[in-house]
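Everything numeric in this text was worked out from a predicted model, so none of it was measured. As a basis for the values below, the full set of heavy atoms in this structure was taken, side chains included, without hydrogen atoms, waters or symmetry mates. Indexing begins at 1, ligand by ligand and atom by atom, following the structure's order.
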Amino acid sequence: MSDGHAVRAEGLEKRYGGKPALDGFDLAVREGTVHGLLGPNGAGKTTAVRILSTLVKLDGGRAEVAGLDVARRPREVRARIGLTGQYAAVDEVLTGRQNLEMFGRLFHLGGRRARARAVELLDRFDLTAAADLGVGKYSGGMRRRLDLAASMILAPSVLFLDEPTTGLDPRSRGEVWDSVRALVAGGTTVLLTTQYLEEADRLASRITVIDQGRSIADDTPDGLKDLVGGDRVEVVVAERAELPRVVKVVARVCEGEPETDEEALRVHAPVTDRVAALTEVARTLQDEGVAVEDIGLRRPSLDDVFLRLTGHRTGARTTEKEAAAA
Ligand SMILES: Nc1ncnc2c1ncn2[C@@H]1O[C@H](COP(=O)(O)OP(=O)(O)OP(=O)(O)O)[C@@H](O)[C@H]1O
Ligand SMILES: [Mg+2]
């Protein structure tokens with residue numbers, strides 16, 4: 001079933017206490033690519049990663065990693081993968097170098113090879129200058145990079161990264177992204193889970209969207225962004241009575257059809273030249289004396305994708321009203 005795919009899952013099922021965490025989950029990751037698994041809290045991302053990395057058993061369906069069935073050949077799968085969990089696994093008291101040497105010994109590399117591998121990885125992840133500093137003194141981004149390095153000790157052919165940048169500041173996030181790109185340039189296949197459309201867009205050549213344990217979309221980043229219509233200008237007013245005037249201005253300046261959210265007193269429309277459109281909308285509204293509460297540019301988020309695909313936002317499950325209508 002592998003045919004050029006480093007990871008393949010068909011109809012994966014996993015239940016916890018009778019409740020499905022995965023409910024017929026499908027996935028196909030091409031060799032040598034970064035594949036994004038995008039979904040909100042509780043969607044089943046970590047469960048999928050844990051099954052694929054043989055940490056938990058599946059209840060139904062089947063999965064192959066590096067051409068090997070995860071249920072039947074877990075040991076061989078484990079020899080070919082790396083995993084960076086949602087929470088950092090490195091020891092705070094040890095230095096970066098000591099951490100990597102320790103992981104090397106855990107993987108039976110032997111003292112000399114473990115030391116040499118640590119030096120290589122510290123260099124690869126730009127941590128040489130901080131090699132002999134206690135990890136307790138590392139920034140969030142440095143820690144995540146060390147985590148990545150630790151999962152690369154055996155140069156795995158498939159690497160699972162579970163929300164590698166959640167909680168990091170933008171600069172650290174950028175550093176982790178660079179490291180992931182370097183890994184893939186070296187031939188590793190990466191499955192990356194994330195709650196950020198932007199992150200999946202920056203790194204992945206293909207994205208699977210997961211909701212309630214099922215894949216609800218599988219597309220390129222551009223395909224998903226097209227679905228939600230790219231960047232938007234957004235205007236919020238204080239008074240409902242102002243909405244029609246704002247719609248008129250936005251329609252005149254922006255390329256796309258404006259949409260109105262009556263409840264949030266919000267008008268938004270797609271734009272291509274982001275800054276020019278924003279400036280023009282702001283100036284025209286001011287010229288016409290429209291009282292504006294807020295105005296800005298918004299990049300499409302996971303929330304926007306969800307709204308289009310499922311009709312609800314990521315946090316909101318079906319309300320009673322929607323259930324009655326369905
Ligand atoms: N060990 C477990 N025992 C019981 N329920 C679990 C367990 N692991 C996960 N679940 C449940 O399975 C569902 C999917 O959880 P999972 O951790 O896979 O989601 P996630 O997409 O990784 O979420 P997050 O973005 O918050 O990490 C959730 O409803 C969760 O509560
Ligand atoms: Mg998770």
Side-chain angles (χ1 to χ4, degrees), residues 7-29 34-63 65 70-71 74 77 81-90 140 143-144 147-148 150-151 158-168 172-173 176-177 180 190-204 206-219 224 300-307 309-310 312-319 323:
V7 179
R8 258 204 118 129
E10 285 172 8
L12 281 193
E13 285 174 29
K14 180 71 192 176
R15 284 176 294 279
Y16 287 112
K19 253 189 62 192
L22 290 181
D23 189 14
F25 174 71
D26 299 319
L27 180 70
V29 178
V34 181
H35 191 106
L37 181 56
L38 179 69
N41 285 131
K45 302 182 296 297
T46 298
T47 305
V49 163
R50 291 176 71 86
I51 286 176
L52 294 170
S53 54
T54 76
L55 293 178
V56 302
K57 289 208 159 70
L58 48 80
D59 294 330
R62 63 191 203 126
V65 171
V70 296
V77 168
I81 62 170
L83 168 66
T84 304
Q86 196 162 358
Y87 307 99
V90 292
R143 225 178 266 224
R144 276 304 165 112
D147 233 23
L148 282 175
S151 60
V158 182
L159 182 62
F160 297 98
L161 300 178
D162 195 6
E163 300 201 28
T165 68
T166 296
L168 294 186
S172 304
R173 179 170 291 173
V176 171
W177 289 348
V180 173
V190 174
L191 177 67
L192 165 124
T193 81
T194 182
Q195 304 193 29
Y196 306 114
L197 177 60
E198 192 202 349
E199 176 157 283
D201 179 26
R202 295 281 190 102
L203 289 176
R206 217 167 165 89
I207 300 173
T208 298
V209 183
I210 178 171
D211 179 36
Q212 297 181 292
R214 285 169 169 274
S215 329
I216 58 168
D218 184 89
D219 209 334
L224 279 185
S301 66
L302 172 61
D303 224 34
D304 299 316
V305 172
F306 253 66
L307 199 56
L309 288 172
T310 68
H312 61 75
R313 295 206 168 268
T314 52
R317 285 286 159 243
T318 323
T319 62

Carefully, step by step, assess T46 and D162 under the rule side-chain hydrogen bond (donor to acceptor under 3.5 Å, both in side chains). CA-CA 7 Å; T46 298; D162 195 6; 2.7 Å; yes
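Residues forming a salt bridge (Lys or Arg N to Asp or Glu O under 4.0 Å) with R214 (at least two apart in sequence, or on another chain): D23. Annotation: salt bridge (Lys or Arg N to Asp or Glu O under 4.0 Å) contacts of D218 (sequence neighbours excluded): R206.
When N41, D23, T46, I51 are checked for heavy-atom proximity to atom 26 (O) of ligand 1, N41 turns out nearest.
At least one side-chain heavy atom of F306 sits under 4.5 Å from a side-chain heavy atom of V209. The side-chain heavy atoms of R144 and T165, taken from C-beta on, include no pair separated by under 4.5 Å.
Residue contacts with ligand 1: G39 is placed with no nitrogen or oxygen under 3.5 Å of a nitrogen or oxygen of the ligand (distance criterion only). By the 3.5 Å distance cut-off applied to N or O atoms, G44 is counted among the residues near ligand 1.
Under 4.0 Å from ligand 1, not a single heavy atom of A48 appears.
Note on T46: counted as a metal contact of the Mg ion (ligand 2), an N/O/S atom lying under 2.8 Å.
Within the 4.0 Å heavy-atom cutoff, P40 counts among the residues contacting ligand 1. Under a 4.0 Å heavy-atom criterion, E163 is in contact with ligand 1.
Looking only at atom types and distance, the side chain of S215 has no donor-acceptor partner in the side chain of T208 under 3.5 Å away.
Below 4.0 Å from some heavy atom of Q195 lie the following atoms of ligand 1, by number and element: 25 (O).
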